[in-house]
Engineer: 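Quick one: this structure, given as structure tokens, is what I'll be asking you about.
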2 protein chains.
Amino acid sequence: MQAPQEQPKKEHCPAETTLAMISGRWKLLIWRELFSGVKRFNELQRSLTGITQKMLTQHLREMEADGLVYRKVYAEIPPKVEYSLTETGKSLQPLIEQMHEWGIEFTVTSHPPGSPVITVDSK
Amino acid sequence: MQAPQEQPKKEHCPAETTLAMISGRWKLLIWRELFSGVKRFNELQRSLTGITQKMLTQHLREMEADGLVYRKVYAEIPPKVEYSLTETGKSLQPLIEQMHEWGIEFTVTSHPPGSPVITVDSK
DNA sequence: CAGCATCCAGGACGATACTG
DNA sequence: CAGTATCGTCCTGGATGCTG
């Protein structure tokens, strides 16, 4: 009794697809951690101050489902799981770098530290 | 009795600042509309199928507060308001274009239309 | 025409406790 | 160690009605 083709949230524009994959409270931070190398679960949790296990797991699973992250499970006791960026995940690097630089430029030109928000509209 | 410097959501990384400014159900769509030229409120609402007045207003105000959008009010009756991108808003163009192209590439290589989700891990 | 006010549902996120 | 399960809260966004 369920609609088979139900797709309530359908991305129209490719840019929105991209946006959806990096949107999330911790995703950019997780991406950055993994970009610096392979990491274990606890390692990530220690680096990402304040993140809960639930959110770390959830975001990692989403990124894995999106094909950005590779999850390698070692059949050992105690368990050992390693996370790393896939090629697709790594391919986000130029984009995120550009976001980073735009953010810096924006902060510098629009919000100089210590200055009140004054927009000087010359002319 | 309230902490004066309370800042519950503080962006750490410049990339997150950028992300915050383009995150929102309709922001990329609004940006795209305005990128093609100056638009009036109703014009935007007609183009953005499904958006409510509330969300259009809200997103426009946020983008205005962020310095991405310029709002020009004509003191007429009936009211006339024109929205356009500021220079800062326009400067997002390369970034959004790159998001667009990454999204296309991602869709082509990871989700060929009509194909089931099969990850063929050669080797 | 271009809003604003109000109410509401769903999802994102956090806190906490438990487990193979 | 690396999770899962449950609960509660806040926030986003949608629906609707009213206004200068």
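Proteins get letters first, then strands, A, B, ... in listed order; numbering begins at 1 in each.
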Engineer: Taking atom P of dC11(D) as reference, at what distance in whole Å does atom CE of M55(A) sit?
Structural biologist: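 Rounding to the nearest Å, CE of M55(A) and P of dC11(D) are 15 Å apart.
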Engineer: Could you tell me the separation between the CD1 atom of I30(B) and the P atom of dT12(D), rounded to a whole number of Å?
Structural biologist: 15 Å
Engineer: OP1 or OP2 of dC13(C) versus the side-chain N and O atoms of H59(A): is any pair under 4.0 Å?
Structural biologist: yes
Engineer: At under 4.0 Å between heavy atoms, how does the protein contact nucleotides 1-8 of chain D? Give one character per nucleotide, 5' to 3', with B, S or -.
Structural biologist: BSBB-BB-
Engineer: Who are the side-chain hydrogen bond (donor to acceptor under 3.5 Å, both in side chains) partners of Q58(A), not counting sequence neighbours?
Structural biologist: none
Engineer: Taking atom P of dG3(C) as reference, at what distance in whole Å does atom CD1 of I77(B) sit?
Structural biologist: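 Interatomic distance, CD1 of I77(B) to P of dG3(C): 15 Å.
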Engineer: Run the side-chain hydrogen bond (donor to acceptor under 3.5 Å, both in side chains) test against W26(B) and tell me which residues pass, sequence neighbours left out.
Structural biologist: none
Engineer: Could you tell me how far apart L44(B) (CG) and dC1(C) (P) are, to the nearest whole angstrom?
Structural biologist: 14 Å
Engineer: Restricting to side-chain contact (heavy atoms from CB on, under 4.5 Å), what partner residues turn up for T52(B), sequence neighbours left out?
Structural biologist: K54(B), M55(B)
Engineer: Given atom CZ of R25(A) and atom P of dA15(C), what is their separation to the nearest angstrom?
Structural biologist: 10 Å
Engineer: List the residues meeting side-chain hydrogen bond (donor to acceptor under 3.5 Å, both in side chains) with E82(A), not counting sequence neighbours, and say none if there are none.
Structural biologist: Y74(A)
Engineer: Under the side-chain hydrogen bond (donor to acceptor under 3.5 Å, both in side chains) test, which residues partner S36(B), sequence neighbours left out?
Structural biologist: K39(B)
Engineer: Please report the distance, rounded to the nearest Å, between CD1 in I51(B) and P in dT12(D).
Structural biologist: 15 Å
Engineer: Hey, does V69(A) have a side-chain heavy atom less than 4.5 Å from the side chain of T86(A)?
Structural biologist: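 They are not in side-chain contact.
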Engineer: At 10 degrees resolution, what angle do the end axes of the helix from dC1(C)-dG20(D) to dG20(C)-dC1(D) form when each is taken over five base pairs?
Structural biologist: 50°
Engineer: Atom NZ of K27(B) to atom P of dG13(D): distance rounded to whole Å?
Structural biologist: 8 Å
Engineer: What I want to find out is whether E43(B) reaches R46(B) closely enough, with some N-O distance under 4.0 Å, to be called a salt bridge.
Structural biologist: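 Between R46(B) and E43(B) there is no salt bridge, as every charged N stays at least 4.0 Å from the carboxylate O atoms.
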Engineer: Whole-Å distance between dA2(C) C1' and Q58(B) CD?
Structural biologist: 16 Å
Engineer: For E64(A), enumerate each residue passing the side-chain contact (heavy atoms from CB on, under 4.5 Å) test, keeping only those at least two apart in sequence or located in another chain.
Structural biologist: R61(A), R71(A)
Engineer: So what does G50(A) hit on the nucleic acid, given a heavy-atom distance under 4.0 Å: a base, only sugar-phosphate, or nothing?
Structural biologist: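 Nothing, no nucleic acid heavy atom in range.
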Engineer: Quick one: side-chain contact (heavy atoms from CB on, under 4.5 Å) partners of S91(B), sequence neighbours excluded?
Structural biologist: W102(A), T88(B)
